[in-house]
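Notes follow once the structure below has been shown.
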Amino acid sequence: MSNREYPLYTIKNNCLDCYKCVRRCPVKAIKIEDNSAQIVPELCIACGTCYKVCPVKAKQARNDLTRAKHLLNSGKDVYVSLAPSWITEFEGISSEQMIASLRRLGFKGVGETAVGAEEVSASVAKILEQNSRGLFLSTACPAVVEYINKYMPQMSR
Ligand code: SF4
């Protein structure tokens, strides 16, 4: 996986080699290579801590705009799964305006992310019904999901 395929990456020339990110990474997923602190994707859980603590913004989040444009130009039907939190980023815009804008951009349709969340909740309810004892964790946090998948795979379903 190349550096910029992962959600977070290092701008090598900006890195001051200060070790702040190395010290704060909860899973020790940063290595020093060529005098800069590089994220090791296979170990990283994408928690964003290094992004927050870097004093010179050497850690950056991948921008997926180009990927989205590429998808829209591919001729395939592309749909948006719109999380309810969109409203915090686009104050004063109604749902109708947002949907119309996305369709004008070329998206075939817009659905609510909550639809997926309902499916997940139904599956979790089923698991809990079938298991009267035990500790179960269900989360929408991608960092926690990555942590379980990479560091506790025996706990993953
Ligand atoms: Fe470590 Fe989190 Fe940065 Fe990944 S995103 S390298 S887990 S601090």
Quick check: are there more than 12 heavy atoms from other residues, nucleotides or ligands sitting under 6.0 Å from NZ of Lys28?
yes
Using only atom types and a distance under 3.5 Å, with no angle test, would you say the side chain of Gln130 pairs donor to acceptor with the backbone of Ile127?
no
When you group the ILVMFWY residues by side-chain heavy-atom contacts below 4.5 Å and let the links chain together, are Val110 and Met98 in the same group?
yes
For the NZ atom of Lys59 and the SG atom of Cys25, what is their distance to the nearest 0.5 Å?
9.5 Å
For atom CD of Glu112, decide whether the heavy atoms of other residues, nucleotides or ligands shown that lie under 6.0 angstrom number more than 12.
no
Does the side chain of Gln38 pick up a donor-acceptor pair with the side chain of Ser36 at under 3.5 Å?
yes
Does Leu8 belong to the same Ile/Leu/Val/Met/Phe/Trp/Tyr cluster as Val40, with side-chain heavy atoms less than 4.5 Å apart forming each link?
no
Backbone of Cys141 reached by a side-chain donor or acceptor of Thr139 within 3.5 Å
yes
Please report the closest heavy-atom contact between Ala37 and Thr10, naming both atoms and the distance.
O-OG1, 2.8 Å
Could you give me the CA-CA distance, side-chain angles and deciding distance for Lys126 and Ser123, then say whether side chain to side chain contact (heavy atoms under 4.5 Å, CB included) is met?
CA-CA 5 Å; Lys126 209 185 240 173; Ser123 294; 5.6 Å; no
So, the side chain of Asn131 versus the backbone of Arg133: is there a donor-acceptor pair under 3.5 Å, distance only?
no
What's the spacing between Tyr79 OH and Leu102 CG if we round to 0.5 Å?
14.0 Å
Taking every non-hydrogen atom, the tightest pair across Ala58 and Cys54
N-SG, 3.1 Å
Can you measure from NZ (Lys108) to CZ (Arg103) and round to the nearest 0.5 angstrom?
7.5 Å
What's the verdict on side chain to side chain contact (heavy atoms under 4.5 Å, CB included) for Arg67 and Arg62, showing C-alpha distance, side-chain angles and the deciding distance?
CA-CA 11 Å; Arg67 285 173 191 223; Arg62 191 185 70 204; 3.8 Å; yes
I would like to know whether Val124 and Phe136 meet side chain to side chain contact (heavy atoms under 4.5 Å, CB included); could you show each step before the answer?
CA-CA 9 Å; Val124 171; Phe136 297 90; over 6 Å; no
With rounding to the nearest 0.5 Å, note down the distance linking CD in Gln60 to CG in Asn14.
7.5 Å
Rounded to the nearest 0.5 Å, the NZ atom of Lys150 sits from the SG atom of Cys44 at a distance of 6.0 Å
Are the side chains of Asp77 and Phe107 in contact, using a 4.5 Å heavy-atom criterion?
no
Out of curiosity, does Val53 fall in the hydrophobic cluster containing Val56 (side-chain heavy atoms, cut-off under 4.5 Å, transitive links)?
no
Sole candidate of Leu135, Ile148, Leu137 that passes side chain to side chain contact (heavy atoms under 4.5 Å, CB included) when paired with Met155
Ile148
What's the shortest heavy-atom distance between Trp86 and Ile93, and which atoms?
CH2-O, 3.4 Å
Nearest 0.5 angstrom please: Tyr9 OH to Ile39 CD1, how far?
10.5 Å
In one Ile/Leu/Val/Met/Phe/Trp/Tyr side-chain cluster, 4.5 Å: Ile45, Val144
yes
Are any side-chain N or O atoms of Tyr151 and backbone N or O atoms of Leu43, one a donor and one an acceptor, separated by less than 3.5 Å?
yes
For the CD atom on Gln154, are there more than 12 heavy atoms of other groups (residues, nucleotides or ligands in this structure) within a distance under 6.0 Å?
yes
Answer with yes or no whether the hydrophobic clustering places Ile30 together with Val27; edges join I, L, V, M, F, W, Y residues whose side-chain heavy atoms lie under 4.5 Å apart.
no
